[in-house]
Amino acid sequence: MAKFELKLPKMGESVAEATITSWLKEVGDTIEADEAVLEIATDKVDSEVPSEVDGVLVEVLFNVDDVVQVGQTIAIIEIAGDSASAPTTAPAKESAAVAEVSKTVTAAQEAAAPVESSDDRFYSPLVKNIAAKEGIDQSELDAISGTGKDGRVTKNDILAHIENRASAPKVMFTEQPKQQEAPKQAEKPKAAPIVASGDDEIIEMTRMGKLIAHHMVESVQKSAHVQSFIEADVTKIWNWRKKVKDGFMKREGENLTFTPIFMEAIAKALRDFPMMNISLQGDTIIKKKHINLGMAASLGNGDLIVPVIKDADQLNLIGMTKKVNDLANRARLNQLKPDDIQGGTYTVTNVGTFGSIMGTPIINQPQVGILALGAIRKVPAVIETPEGDFIGIRYKMFLSHSYDHRVVNGALGGQFVKAVKDYLEAWDSNREI
């Protein structure tokens, strides 16, 4: 009998790890190829990990709530045949490396090290194990500058720190913790006990709800949020869509909503103002080559998620419509994959869906802008003509633009949302689709 190593698959270019949320199979269970073995969670998406082979699950290497790195072996499946015919034949060095990583992580989990992941910073089991072996306490570890995602300390960071520490006087790390311990403990008051009467219902936040709450607070603390508001006349779009939507449904089998029309205008505006299509990392601005629009969508349980339309400026209106509908439908059915929410460069949220006419949305880090689309309303308006002004009934909506004032000044933020308005108001009423 041969053994197959089930590894955590790659889930997107920026996803390096996942949390195991549940094991769908137990040791001794028979598994078929493509059958789900466990469920995992990244920052926002829950996903299943299927087996690549038929066999029997003989070993589980991680428990529920453990954090696993991409490429790590998470389970062993026994399959028929010898190892030479097994589909898992990998280079000996790679298998040895994976086994070594698994051993290191297991040792880190079992070690009674004084280093822990705090509310402010996460440390991987590998980093914690190295810290424990090298006698690095919590205060010293917290002082290390991390180069990983969200400032996390990587293996290379801690190894470099150890090398530098070897040539530095040891007294540096005997006095510093004592100076930092007191204020650090003072900064974190104990959580107040929950006070509820007998008639109150206590509801535990969902895992995703906690993540969203953390990201929102982090964004407000990090970015200097500023808003610009502008009103757009979308009467031409309203009448054009009313004229073509039935024929579009018959021909394409897709519902033509307003969202893809707005997305097209926003993608054009981002192409005109590329400094809105950036991210800020420390003191460095990264200008994005691709325009990837995040689209806030509702999940089946009421939570929100932001799937991404990749290279949105390269899609025609038919392609944009199909992409918007596909992502929205899969979001409602909880069928989004991790890669579907990765790589966004600018985000759009449709607050008008709930009847709101405007909003002040919170920026989706590390982006620098987010646009809220208000409800379309039928309102009286002044219409300018060569013959003079008159009052007419128009379809109008507010565009609410939140942007990071650290890198986007008022002129750029206002010009961008004005460009979106101009594209919407200049809609061709005779456009064919």
Side-chain angles (χ1 to χ4, degrees), residues 10-16 42-45 147-152 215-216 218-220 222-228 259-260 262-297 304-317 319-320 323-324 326-327 336-350 361-373 399-423:
K10 185 175 181 180
M11 300 166 290
E13 58 185 18
S14 62
V15 179
T42 60
D43 281 352
K44 288 187 176 180
V45 170
T147 60
K149 182 182 178 184
D150 297 329
R152 289 184 181 179
H215 290 322
M216 294 299 97
E218 182 184 45
S219 181
V220 171
K222 181 178 293 185
S223 295
H225 282 65
V226 175
Q227 284 81 31
S228 293
T259 301
F262 298 148
M263 289 294 193
E264 182 185 72
I266 294 164
K268 289 179 179 178
L270 285 171
R271 199 163 51 194
D272 294 341
F273 295 93
M275 288 306 292
M276 282 303 312
N277 197 51
I278 65 173
S279 66
L280 182 62
Q281 295 184 10
D283 296 328
T284 304
I285 294 173
I286 300 176
K287 190 175 178 182
K288 302 293 186 177
K289 180 179 179 182
H290 300 276
I291 295 176
N292 300 333
L293 288 181
M295 177 187 73
L304 291 177
I305 197 167
V306 185
V308 177
I309 303 170
K310 306 289 177 60
D311 293 312
D313 58 321
Q314 304 298 316
L315 297 174
N316 61 20
L317 192 54
M320 184 76 79
K323 193 66 177 177
V324 165
D326 172 60
L327 290 173
L336 288 174
K337 298 178 180 178
D339 193 52
D340 292 327
I341 62 165
Q342 300 299 323
T345 61
Y346 187 88
T347 298
V348 181
T349 178
N350 190 353
I362 297 174
I363 297 168
N364 188 12
Q365 297 295 328
Q367 300 166 22
V368 299
I370 180 171
L371 187 67
L373 307 173
L399 306 175
S400 308
H401 185 210
S402 290
Y403 47 95
D404 190 341
H405 212 17
R406 293 179 300 168
V407 287
V408 180
N409 57 33
L412 176 57
Q415 288 171 346
F416 169 78
V417 72
K418 173 67 162 52
V420 176
K421 162 192 163 75
D422 291 342
Y423 277 119

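Here the structure is a predicted model, which means the values were calculated and not measured.
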- request: Dump the intermediate steps for side chain to side chain contact (heavy atoms under 4.5 Å, CB included) on Leu399 and Leu373, then the final yes or no.
  value: CA-CA 5 Å; Leu399 306 175; Leu373 307 173; 3.7 Å; yes
- request: Let me see the working for Asp422 and Lys418 under side chain to side chain contact (heavy atoms under 4.5 Å, CB included), right down to the final yes or no.
  value: CA-CA 6 Å; Asp422 291 342; Lys418 173 67 162 52; 3.0 Å; yes
- request: Please step through side chain to side chain contact (heavy atoms under 4.5 Å, CB included) for the pair Leu270 and Asp313, ending with a clear verdict.
  value: CA-CA 9 Å; Leu270 285 171; Asp313 58 321; over 6 Å; no
query: Yes or no on side chain to side chain contact (heavy atoms under 4.5 Å, CB included) for Asp272 and Tyr423, after CA distance, side-chain angles and deciding distance?
result: CA-CA 11 Å; Asp272 294 341; Tyr423 277 119; 2.6 Å; yes
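Taking both residues in full, the closest heavy atoms of Val368 and Ser279 are given as CG1-CA, 4.4 Å, listed atom of the first, atom of the second, then distance. Across Thr347 and Gln367, no two heavy atoms sit closer than the pair OG1-OE1, 2.7 Å. Nearest heavy-atom pair, Lys287 versus Ile278, reported as atom, atom and distance to 0.1 Å: CA-CG2, 3.9 Å. Closest approach of Tyr346 and Phe416 over heavy atoms only: OH-CE2, 3.2 Å. Closest approach of Met276 to Gly369, counting heavy atoms only: CE-CA, 4.1 Å. For the residue pair Ile285 and Val407, the shortest heavy atom distance occurs at CD1-CG1, 4.0 Å.
Taking CG of Asn292 as the reference point, atom CG of Asp311 lies at 5.5 Å (rounded to 0.5 Å). Atom-to-atom distance recorded for Ile341:CD1 and Met295:CE is 12.5 Å, nearest 0.5 angstrom. A distance of 6.5 Å separates CD1 of Ile266 from CG of Leu293, quoted to the nearest 0.5 Å. A distance of 6.5 Å separates CG of Leu336 from CG of Leu327, quoted to the nearest 0.5 Å. Atom CG of residue Asn350 and atom CZ of residue Phe262 lie 7.5 Å apart, to the nearest 0.5 angstrom.
When side chains are defined from C-beta on, Ser402 does not count as touching Ile362, because their heavy atoms never get closer than 4.5 Å.
Tested against Met263, the residues Lys323, Met320, Lys268 include a single side chain to side chain contact (heavy atoms under 4.5 Å, CB included) partner, Met320.
Under the side chain to side chain contact (heavy atoms under 4.5 Å, CB included) criterion, Ser223 pairs with His225, Ile363, Gln365, Asp404, Arg406, not counting sequence neighbours.
Ring pair His401/Tyr403 is tilted by interplanar angle, where 30° to 60° counts as tilted.
A donor-acceptor contact shorter than 3.5 Å links the side chain of Asp340 to the backbone of Lys337. Between the Asn277 side chain and the His290 main chain, a donor and an acceptor come within less than 3.5 Å of each other.
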